Amino acid sequence: MMTRAAFVSDLHLFARRSHGHLHLPALQQASATANHFILGGDIFDFRWATLNQTAAIDSAISWLRDLAVLSPQCRFHFLLGNHDDHQGLVARLPTLAQELPNFAWHRFYLRLGSSLFLHGDAADRKLTAERLTRRRDTFRHYTPAPWRHDAYHWLLKTRIDQLVCRAAHPRRLVVRRLMCYLRDIEQGPEQGVRSVYFGHTHREIDGFRYNGLVFHNGGAPIGKARFRILQADIDDAP
């Protein structure tokens with residue numbers, strides 16, 4: 001038996017560079033027909049937020065609550081990414097999960113049937129679970145200099161960011177690094193995983209096959225990057 005799932009990542013809400021808010025109607029429409037909706041990390045951006053931290057956390061909680069309440073038949077899974085793995089937000093997620101019967105959150109990954117969902121920052125380097133945890137913890141405490149906001153905004157206008165993304169995240173290298181991480185957490189093809197859905201790289205990937213796995217990435221609504229909500233059929237495999 002198959003159930004229907006949707007996956008989206010890297011909206012980077014609250015950041016000046018994002019136009020993720022324009023896709024909210026599409027997210028709501030997708031959740032109305034899905035059994036599971038996986039929010040795959042960097043949905044919010046606390047590193048580049050134009051709001052103060054308190055306002056950003058309150059807005060993130062309200063956004064998640066509103067989306068889940070609108071489609072009570074859909075199970076929402078909020079996966080953290082490196083830009084929204086924020087201590088203030090994480091501290092409030094357990095209360096939100098108690099309040100909403102159709103909401104759950106996960107720091108690193110989610111397994112549904114033979115499909116695995118994760119943010120994808122494990123692809124930055126060849127990382128184990130322990131190293132990824134340390135990297136996330138370090139990232140939490142890094143605040144970019146104000147001039148970097150303007151510099152990145154200019155970079156987006158030139159479209160150079162897409163060249164940088166392609167150079168930094170070649171598809172084969174990305175999936176090879178993800179494969180190492182998946183085997184470290186024992187969630188690879190040997191454990192029955194067949195499909196992997198991830199974000200982080202801001203590069204769309206549609207069914208890239210590598211060593212027994214099929215990889216998918218919906219891109220990001222940042223600058224001129226391509227972006228779409230991914231659909232997945234979830235089987236009942238353990």
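This is a predicted model, so every value here is computed, not measured.
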Is [Y] reachable from [X] through a run of I, L, V, M, F, W or Y residues, each pair having side-chain heavy atoms under 4.5 Å apart?
X      : Y      : result
Leu89  : Leu110 : no
Leu13  : Leu24  : yes
Tyr181 : Tyr210 : yes
Leu51  : Ile61  : yes
Val193 : Leu127 : yes

With a 6.0 Å cut-off on the ring centroids, do [X] and [Y] count as close?
X      : Y      : result
Phe44  : Trp63  : yes
Phe227 : His202 : no
Phe76  : Phe103 : no

Is any side-chain heavy atom of [Y] closer than 4.5 Å to one of [X]?
X      : Y      : result
Val214 : Val196 : no
Leu79  : Ile43  : no
Phe78  : Ile38  : no
Phe108 : Leu132 : yes
Val69  : Asn102 : no
Arg172 : Phe208 : yes
Arg183 : Glu190 : yes
Ile205 : His216 : no

Practice item. Using the side chain to side chain donor-acceptor pair (under 3.5 Å) rule, collect all pairs that involve residues 65-75, keeping only residues at least two apart or in two chains. Key: Ser31-Ser71, Arg65-Glu99
If we ignore hydrogens and angles and just use 3.5 Å, is the side chain of [X] paired with the main-chain N or O of [Y] as donor and acceptor?
X      : Y      : result
His119 : Gly40  : yes
Asp45  : Phe14  : no
Gln191 : Gly188 : yes
Arg4   : His36  : no
His19  : Gly223 : yes
Asn82  : Arg136 : no
Ser9   : Gly41  : no
Thr50  : Arg16  : no
Asp184 : Ala129 : yes

Check your understanding: Going by the angle between their ring planes, with limits at 30° and 60°, are Phe215 and Phe198 parallel, tilted or perpendicular?
Key ->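 Perpendicular: the ring planes of Phe215 and Phe198 meet at over 60°.
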Practice item. Using the six-membered ring wherever Trp is involved, compare the ring planes of Tyr197 and Phe117 and label them parallel, tilted or perpendicular (cut-offs 30° and 60°). Key: parallel
Taking all atoms of both residues into account, what is the closest heavy-atom pair of [X] and [Y], and its distance?
X      : Y      : result
Gly20  : Pro221 : CA-CG, 3.7 Å
Leu182 : Leu213 : CD1-CD1, 3.9 Å
His21  : Pro25  : O-CD, 4.5 Å
Ile234 : Ala5   : CG1-CB, 3.7 Å
Pro189 : Asn211 : CG-O, 3.9 Å
Arg177 : Ala122 : CB-O, 4.3 Å

Check your understanding: With a cut-off of 6.0 Å (strictly less than), are more than 12 heavy atoms of other residues, nucleotides or ligands near CZ of Arg134?
Key ->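 Enclosed.
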Check your understanding: Is the count of non-hydrogen atoms from other residues, nucleotides or ligands lying under 6.0 Å from Gln53 atom CD greater than 12?
Key -> yes
Point to revise | Residues forming a ring-ring contact (aromatic ring centres under 6.0 Å, His included) with His86, sequence neighbours excluded | key: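 Only Phe46 meet the ring-ring contact (aromatic ring centres under 6.0 Å, His included) criterion with His86.
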Measure the spacing between [atom1] of [X] and [atom2] of [Y] and express it to the nearest 0.5 Å.
X      : Y      : atom1 : atom2 : value
Phe7   : Leu230 : CZ    : CG    : 6.5 Å
Thr133 : Glu130 : OG1   : CD    : 7.5 Å
His106 : His77  : NE2   : NE2   : 5.5 Å
Ile185 : Thr128 : CD1   : OG1   : 11.0 Å
His200 : Leu118 : NE2   : CG    : 10.5 Å
Leu11  : Leu39  : CG    : CG    : 7.5 Å

Check your understanding: Taking NZ, NE, NH1 and NH2 as the nitrogens, is one of them in Arg228 or Asp10 under 4.0 Å from a carboxylate oxygen of the other?
Key ->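 Result for this pair is no, no salt bridge flagged.
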Point to revise | Asp121 and Arg135 ion-paired at < 4.0 Å | key: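 No, this pair does not count.
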Point to revise | Single hit among Asp84, Leu80, Ile57 for side chain to side chain contact (heavy atoms under 4.5 Å, CB included) with Val90 | key: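 Output: one option passes, namely Leu80.
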Exercise for review: Test side chain to side chain contact (heavy atoms under 4.5 Å, CB included) on Asn217 and Arg203 and set out the steps.
Suggested key: CA-CA 7 Å; Asn217 189 318; Arg203 290 196 66 191; 5.6 Å; no
Review point. Does the pair Asp42 and Arg17 meet the rule for a salt bridge (charged side-chain N to carboxylate O under 4.0 Å, His left out), with working shown?
Key: CA-CA 13 Å; Asp42 287 1; Arg17 58 188 171 135; over 6 Å; no
